[in-house]
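Worksheet: the structure to be examined is printed underneath.
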Amino acid sequence: MKELKEIVEKNIAEFGFPVVQDEKSNALQWVDLRELRLRYFICIENIKPFFEGLREGKLMATKCKECGRLFFPPQKDCPSCMDSEVEWVELKKEGVLETLTVLFVRPPSFSAYDPYTVAIAKLDDGVRITGWLKGDPRSVRPGQRVKVEVSRREKEGYLMYEIVPL
Amino acid sequence: MSENVAVIGVGHSKFGMRKDVSIPELAWEAIKPALKSANVEQKDIDFFVVGNAGMWSSEAAIPALMAEYADLAPKGSMRVEAACATGNAAIRVAYTAIQSGEADVVLVLGIEKMQESPNPNVIELIGRFGSYFWEFENFGLTFPGYYALHATAYMAKYGATEEDFAKIAVKNHYYGAKNPLAQFQKEIDVETALKSPYVAWPFKLFDCSPITDGSACIILASEEVAKEVDDKIWLISQGVGTGTANLSRREEFTSLASARYAAEIAYRKAGIDVDAPYKHLDGANVHDCFTAAEVIAYEDLRFAKPGEGVQLIRDEQTYIGGRIPVNIDGGLKAKGHPIGATGVSQAVEAYKQLLSKAEPGRQADIKNGRWLAHNVGGTGHYTYITIYGLDKK
């Protein structure tokens with residue numbers, strides 16, 4: 001990208017425009033100079049107990065007080081019985097690995113990480129959880145027992161949960 | 001009002017790296033032949049729908065841009081987005097507009113210019129099509145990753161292998177090589193596919209559809225207008241389903257619930273026997289964004305029983321001459337997958353196949369006069385299934 005910037009600057013000076021020639025087709029491209037960086041502010045006010053739970057090493061879900069339906073990821077409203085009275089319950093943090101993948105080609109915003117394994121497990125409480133799998137993915141198989149551990153993320157330092165083979 | 005709606009004209013750009021044209025120029029490559037083959041002019045168009053997912057490309061207001069570039073102003077328009085099912089969703093808007101009596105002739109354009117952004121940015125943006133906070137923000141899933149989770153589950157449950165999935169890529173490249181509009185017009189063998197680098201285990205490069213620029217356009221018309229046209233196919237039925245955003249909110253990963261739901265509706269409306277629907281169809285285009293997705297589609301569409309979809313490709317039953325030819329235009333895998341254009345491209349293929357206008361070596365035998373298009377957005381977030389026919393019903 002640094003190289004592209006230099007070519008664009010050179011072409012602005014020499015030809016008068018921020019242009020490059022596409023290597024494969026030789027077609028002339030205008031290089032957009034209006035770069036946009038995106039960052040969202042996502043409201044977690046109504047699921048705060050989930051994050052407070054992680055601080056204490058707990059995995060929290062919501063449960064409808066009316067019909068008993070369990071929600072993970074936690075949600076504030078129960079659409080089954082139209083009642084928004086939910087309570088916070090702690091999950092048991094053990095279950096069965098259902099599937100996994102190893103991300104070799106990562107998004108640029110995850111480029112600081114080596115290839116990582118994403119897994120989905122079904123917890124004994126009945127809900128499923130998606131997270132990174134700790135350890136060598138070659139030594140695990142769908143169907144085996146796993147647990148959920150709260151840990152600090154290596155690069156960003158914030159708390160998150162991960163799936164760990166038992 | 002017109003209960004029956006026909007496709008009376010089609011247009012399709014070359015798919016691939018289209019650095020040689022701008023967005024409106026690329027769209028015009030499909031619009032012009034669509035208008036010409038339908039024998040209509042801009043003044044005859046009552047309404048137009050543009051399927052475009054965007055984000056990776058500069059222009060956001062493509063309906064207005066095309067009103068300006070293609071002389072479609074001041075007719076009504078709408079941009080439609082349903083992730084990778086955007087194209088077929090755009091067709092649905094046009095179909096229902098005609099059925100309701102609001103319009104008689106509707107132009108549907110599907111367009112995507114993904115190569116306006118560098119590949120890493122596109123990978124990042126598509127990864128965000130899942131459940132943003134619970135899948136992307138913290139766990140960095142990518143699109144190959146979401147479908148790889150399905151592939152792993154399928155392999156574990158039914159004993160399929162990476163080699164089985166490679167056979168899907170081999171088939172789709174075989175037919176892509178015969179499609180002059182495909183991004184990849186080159187045959188490959190199983191060994192080449194298996195040797196390619198891992199993208200999201202168990203998927204390798206050759207399990208994945210590419211990042212593509214392309215456009216496709218169809219003209220839909222009411223029965224009143226269509227009866228004057230010789231070359232046409234009919235929209236027999238559509239079924240649409242929606243799944244959860246977050247994969248962990250689903251019961252299984254070897255099937256897409258939204259696809260099963262959409263298929264059942266589409267088959268029922270078309271009067272097709274759900275036990276052996278392939279007996280009523282001459283072929284299908286299914287959403288093979290990844291090889292395993294095609295195998296899962298065989299089962300969701302009931303071309304095979306659960307767990308037996310993989311046997312169809314092992315036995316080459318989805319080549320021409322088999323149980324049902326699938327993706328004989330190269331599919332998303334070899335033809336390319338310009339997100340918003342894909343569903344419209346599938347309609348163009350249905351038109352070409354049913355009217356026996358496909359290129360040599362990739363024309364199916366047309367006996368039943370029916371073709372199915374299966375277009376999935378996200379990882380089963382949206383499924384649009386359309387059945388096309390030579391006859392009205």
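Per chain, numbering begins at 1; letters A, B, ... match sequence-line order.
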Value rounded to 0.5 Å, distance of [atom1] in [X] from [atom2] in [Y]:
X	Y	atom1	atom2	value
Asp20(B)	Leu28(A)	CG	CG	12.5 Å
Met155(B)	Thr99(A)	CE	OG1	10.0 Å
Asp32(A)	Ser117(B)	CG	OG	9.0 Å
Ile120(A)	Arg249(B)	CD1	CZ	12.5 Å
Asn121(B)	Ser109(A)	CG	OG	10.0 Å

Does [atom1] in [X] sit with more than 12 non-hydrogen atoms of other residues, nucleotides or ligands closer than 6.0 Å?
X	atom1	answer
Arg145(A)	CZ	yes
Lys147(A)	NZ	no
Glu14(A)	CD	yes
Glu191(B)	CD	no
Lys63(A)	NZ	no
Phe17(A)	CZ	no

Hey, are the side chains of [X] and [Y] touching, using non-hydrogen atoms and a 4.5 Å cut-off?
X	Y	result
Pro107(A)	Thr142(B)	yes
Glu137(B)	Tyr40(A)	no
Glu251(B)	Arg128(A)	yes

What I want to find out is whether Glu124(B) reaches Arg106(A) closely enough, with some N-O distance under 4.0 Å, to be called a salt bridge.
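No, this pair does not count.
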Partner chain A: residue of Glu252(B), Arg250(B), Glu116(B), Arg128(B) with the largest heavy-atom pair count (under 4.5 Å)
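Of the candidates given, the most pairs with chain A belong to Arg250(B).
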Heavy-atom pairs under 4.5 Å with chain A are the metric here; pick the option from Leu125(B), Ile126(B), Thr152(B) that has the most.
Thr152(B)
Specify the closest pair of heavy atoms between [X] and [Y], including all atoms of both residues, with the distance to one decimal.
X	Y	answer
Asn246(B)	Pro73(A)	ND2-CG, 3.4 Å
Gly145(B)	Thr101(A)	O-CG2, 3.6 Å
Gly140(B)	Leu103(A)	O-CG, 4.2 Å
Ile42(A)	Phe133(B)	CD1-CD1, 4.2 Å
Phe110(A)	Phe136(B)	CZ-O, 3.2 Å

Between Val105(A), Thr117(A), Val127(A), Val118(A), the one whose heavy-atom pairs under 4.5 Å with chain B are most numerous:
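Highest number of heavy-atom pairs under 4.5 Å: Val105(A).
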Between Lys24(A), Glu156(A), Arg153(A), Glu98(A), which has the largest tally of heavy atom pairs under 4.5 Å with chain B?
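Result: the option with the highest number of such pairs is Arg153(A).
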[X] versus chain B, heavy atoms under 4.5 Å apart: side chain, backbone, both or neither?
X	answer
Ser25(A)	side chain
Tyr113(A)	neither
Pro108(A)	both
Ile129(A)	backbone

Let me know if Leu149(B) has heavy atoms under 4.5 Å from chain A in its side chain, its backbone, both or neither.
both
What part of Phe253(B) is in contact with chain A, defined as an atom under 4.5 angstrom from a non-hydrogen atom: side chain, backbone, both or neither?
side chain
Whether Glu135(B) side chain and Thr130(A) backbone form a donor-acceptor pair below 3.5 Å
no
Could you tell me whether Phe203(B) and Phe104(A) have their ring centroids closer than 6.0 angstrom?
no
Can you confirm whether or not the ring centre of Trp201(B) sits under 6.0 Å from the ring centre of Tyr116(A)?
no
Does either side chain, that of Asn138(B) or that of Tyr161(A), offer a donor lying less than 3.5 Å from an acceptor on the other one?
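Judged by distance alone, the side chains do not pair up.
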